[in-house]
Each structure stands twice: as structure tokens, then as C-alpha cells.
Amino acid sequence: MTKQELINNIRRKKSFLCVGLDSEYSKLPECVLKYDDPVFEFNKRIIDATYQYSTAYKPNLAFYESLGYKGWQSLEKTVDYIRKVDNSIFIIADAKRGDIGNTSKQYAKAFFETMDFDAVTVAPYMGKDSVAPFLSFENKWVILLALTSNEGAYDFQFNKNEKNEYLFETVIKTSESWGGNPENMMFVVGATKSEMFTDIRKIAPEHFLLVPGVGAQGGSLQEVCNHGINKEIGLLVNSSRGIIFASKEDNFDEIANNEAKKIQEEMKIYFP
């Protein structure tokens with residue numbers, strides 16, 4: 001998917017909501033457990049209930065890989081189903097990969113060719129040669145970890161170098177020399193670090209930012225938009241548990257629909 005196609009979809013739906021499909025088996029509603037593939041049945045009902053309010057979906061691969069080959073089957077069926085329901089939706093593999101070049105090349109092929117994701121989250125720690133293979137695929141995106149929403153972000157990401165810049169700032173600046181540009185690279189910036197969005201926009205004014213941490217993790221959509229939105233919106237704001245596990249009752253999909261609609265209604269305020 002091109003950047004312009006993504007922007008067009010955001011404007012058409014008046015939404016930059018990304019629904020995180022962190023479909024943890026132990027948290028699934030009892031009503032889906034009778035199906036041969038409970039995870040896919042759960043995802044299917046969530047997708048049916050939320051796609052009209054969503055621009056993107058983000059399956060977190062840990063919750064699929066932990067189930068072995070059955071989890072991979074659920075994931076493949078989920079991606080295929082999203083394509084069938086709304087082919088304009090942006091699909092992110094939340095995989096956080098990053099390894100030496102030939103290994104990264106195989107990861108890229110897995111997600112971009114075999115699985116047909118639009119984007120994959122990538123860890124930058126091993127540098128350019130670990131990220132470059134993902135950037136070689138046309139109309140596919142790297143989403144580079146920059147400033148995350150978890151408490152452990154303070155262990156390394158706020159360390160300063162001799163230029164008095166934070167490590168996450170160095171990551172963003174350096175990655176632009178790897179071939180990453182606003183047409184094929186985004187950055188993960190956690191909603192719980194909203195006070196840093198203004199500074200990040202000075203470094204990366206035109207890049208999209210994938211923003212986890214709104215909702216269950218305590219991030220504020222208003223704060224994110226006040227400091228992070230640009231002329232093209234430039235945000236994909238993720239909500240996972242706050243939507244998909246808002247209820248464990250038989251009508252969990254109706255509740256998910258209501259939660260997604262609430263977020264989309266708030267997002268509409270920030271469109272010019």
C-alpha cells in the first residue's frame with residue numbers, strides 16, 4: 001500500500017484507528033471455544049464489528065506463535081479474511097523482528113510475500129543491514145521501534161549521547177540514511193510518552209507514527225493528536241485490549257463495535 005492510498009483511506013473513513021488483534025487464547029470468550037479454530041472465530045467477529053471504523057489491524061504474532069502451527073493457520077486465515085472484508089485496510093505484522101541481513105531477508109519474505117502483510121514492526125538495534133531487507137519490498141512498510149509505551153523504555157531509550165540527544169532520537173535520525181523515508185517507514189511512538197511527540201515531529205515531520213498505548217495502557221488520544229498530528233494526519237493509533245476484550249460475554253463483538261465507534265467519533269474531531 002502506498003502512503004497516498006493510506007492517507008486516502010484515513011480521510012474516507014475519518015479514522016486513524018488501528019485495532020490490535022492481541023487474541024490471547026486464555027482471554028477468549030467462552031462462546032467461541034466450541035469452534036474448530038476459536039482464535040479465528042474471535043478475530044472474524046471482531047473484524048466484522050470494527051472494520052467500518054478502522055484503518056488498520058495489527059495482529060501481535062506472539063499470541064499466534066505460542067499456539068504452534070494452529071496459531072499460524074489462525075493468523076493466515078485472519079489476514080485473508082481482512083483482505084476479503086475490506087481490501088483497503090492496512091495490515092501490520094507486530095513481529096518486532098531484527099537480525100543479520102540474510103535472516104531479515106527471510107523474515108521480510110515471510111511477512112510480505114507469503115503472508116501479504118503491508119507492514120512489519122522491526123527492532124533497530126542491529127543497525128542498517130538488519131533493516132534494509134525489509135525496505136527492499138515495493139509498497140511495503142517498515143515500522144521501526146523508536147519510543148515505546150512500556151516502563152522499560154526508560155532503561156535505554158532515554159539514554160543520551162555526546163550530542164545530548166536521546167537514543168530514540170538517534171534511531172529516528174539515523175534510519176533516514178538507510179533508505180527509510182515517509183513513503184516506506186513509520187516509527188513506533190508510545191501514547192504514554194505524549195510529551196515527546198512535539199520533539200519527534202521536529203525530527204520526522206512527514207513520517208507516519210504508529211501509536212500504541214491508548215486505552216488500557218493509559219495513553220490519551222487528545223494528547224497524542226495535539227502534539228503528533230500533521231497535515232496528512234500522520235498517525236495510526238492502536239487500541240487492543242480496550243476494544244477486543246471490552247467484554248467476554250456472548251455479545252463481545254457488539255461491545256467491541258461500540259468501543260471502536262467511540263474512538264472513531266473522537267478521532268473525527270481532529271480532521272481539518
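Keep in mind the model is a prediction, meaning the values are calculated, not measured.
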In terms of heavy-atom contacts, does [atom1] of [X] have more than 12 from other residues, nucleotides or ligands at under 6.0 Å?
X	atom1	result
Glu113	CD	yes
Gln4	CD	yes
Phe252	CZ	yes
Asn161	CG	yes

Taking atom [atom1] of [X] and atom [atom2] of [Y], what is their separation to the nearest 0.5 Å?
X	Y	atom1	atom2	answer
Leu67	Leu75	CG	CG	10.5 Å
Ser74	Tyr69	OG	OH	10.5 Å
Arg201	His227	CZ	NE2	13.0 Å
Ile172	Leu144	CD1	CG	8.5 Å
Lys261	Thr50	NZ	OG1	14.0 Å
Ile7	Thr2	CD1	OG1	8.0 Å

Inset, instruction - Specify whether Phe16 and Phe271 have parallel, tilted or perpendicular ring planes, treating 30° as the upper limit for parallel and 60° as the lower limit for perpendicular. - result: tilted
If only atom types and distance count, is the side chain of [X] paired as donor or acceptor with the main-chain N or O of [Y] below 3.5 Å?
X	Y	answer
Thr114	Phe111	no
Ser194	Glu223	no
Thr192	Ser149	yes
Asn251	Glu254	no
Asn257	Ala49	yes
Tyr64	Val39	no
Arg45	Asp253	no
Thr121	Lys96	yes
Ser104	Asp99	yes
Asn43	Thr78	no

Using distance alone, with no hydrogens and no angle criterion, decide if [X] and [Y] have a side-chain donor and acceptor under 3.5 Å apart.
X	Y	result
Tyr81	Asp48	yes
Thr55	Asn9	no
Gln157	Thr148	yes
Arg97	Thr103	no
Gln222	Ser220	no

Legend entry - Intermediate values then yes/no, side chain to side chain contact (heavy atoms under 4.5 Å, CB included), Glu30 and Asp250: CA-CA 8 Å; Glu30 189 174 344; Asp250 289 359; 6.0 Å; no
Electrostatic pair [X]:[Y] at N-O distance under 4.0 angstrom:
X	Y	answer
Lys163	Glu169	no
Glu151	Lys193	no
Glu259	Lys262	yes
Asp118	Arg83	yes

Can you get from [X] to [Y] by hopping between Ile, Leu, Val, Met, Phe, Trp and Tyr side chains that sit under 4.5 Å apart?
X	Y	result
Met185	Met1	yes
Ile100	Leu145	no
Leu21	Ile255	no
Ile229	Ile269	yes
Val237	Ile200	yes

Are [X] and [Y] close enough that some pair of their side-chain heavy atoms sits under 4.5 Å apart?
X	Y	result
Val120	Phe112	yes
Ser88	Arg12	yes
Phe42	Pro29	yes
Asn184	Val142	no
Ser15	Ile10	no
Phe40	Tyr35	no
Lys3	Asn8	no
Ile263	Tyr53	no

Heavy-atom pair of closest approach, residues [X] and [Y]:
X	Y	value
Asp86	Lys13	OD2-NZ, 2.9 Å
Ala119	Ile143	CB-CD1, 3.7 Å
Val171	Pro124	CG1-CG, 3.9 Å
Cys18	Ile92	SG-CD1, 4.2 Å
Tyr57	Ile46	OH-O, 4.4 Å
Ser240	Asp22	OG-OD2, 3.5 Å

Inset, instruction - Please collect all side-chain hydrogen bond (donor to acceptor under 3.5 Å, both in side chains) contacts where either partner lies in residues 130-146, sequence neighbours excluded, each pair once. - result: Asp116-Lys140
Inset, instruction - Start with the C-alpha distance between Leu235 and Val224, add both sets of side-chain angles, then the distance that settles side chain to side chain contact (heavy atoms under 4.5 Å, CB included), and finish with yes or no. - result: CA-CA 9 Å; Leu235 300 172; Val224 168; 4.0 Å; yes
Inset, instruction - Check step by step if ring pair (Phe, Tyr, Trp, His ring centres under 6.0 Å) holds for Phe117 and Phe90. - result: CA-CA 8 Å; Phe117 282 95; Phe90 192 77; over 10 Å; no
Legend entry - ring pair (Phe, Tyr, Trp, His ring centres under 6.0 Å) between Phe134 and Tyr107, intermediate numbers included: CA-CA 8 Å; Phe134 295 96; Tyr107 282 137; 7.1 Å; no
Inset, instruction - Would you check, one step at a time, whether the test salt bridge (charged side-chain N to carboxylate O under 4.0 Å, His left out) holds for Lys173 with Glu165? - result: CA-CA 10 Å; Lys173 290 178 181 178; Glu165 64 184 19; 2.8 Å; yes
Inset, instruction - Assert yes or no for the condition that the ring centre distance of Phe187 to Phe168 is strictly below 6.0 Å. - result: no
Legend entry - Lys/Arg cation over aromatic Tyr166: Lys160, 6.0 Å, 45° cone: yes
Legend entry - With Asp37, the side chain to side chain donor-acceptor pair (under 3.5 Å) member among Lys70, Lys44, Lys77, Gln73: Lys77
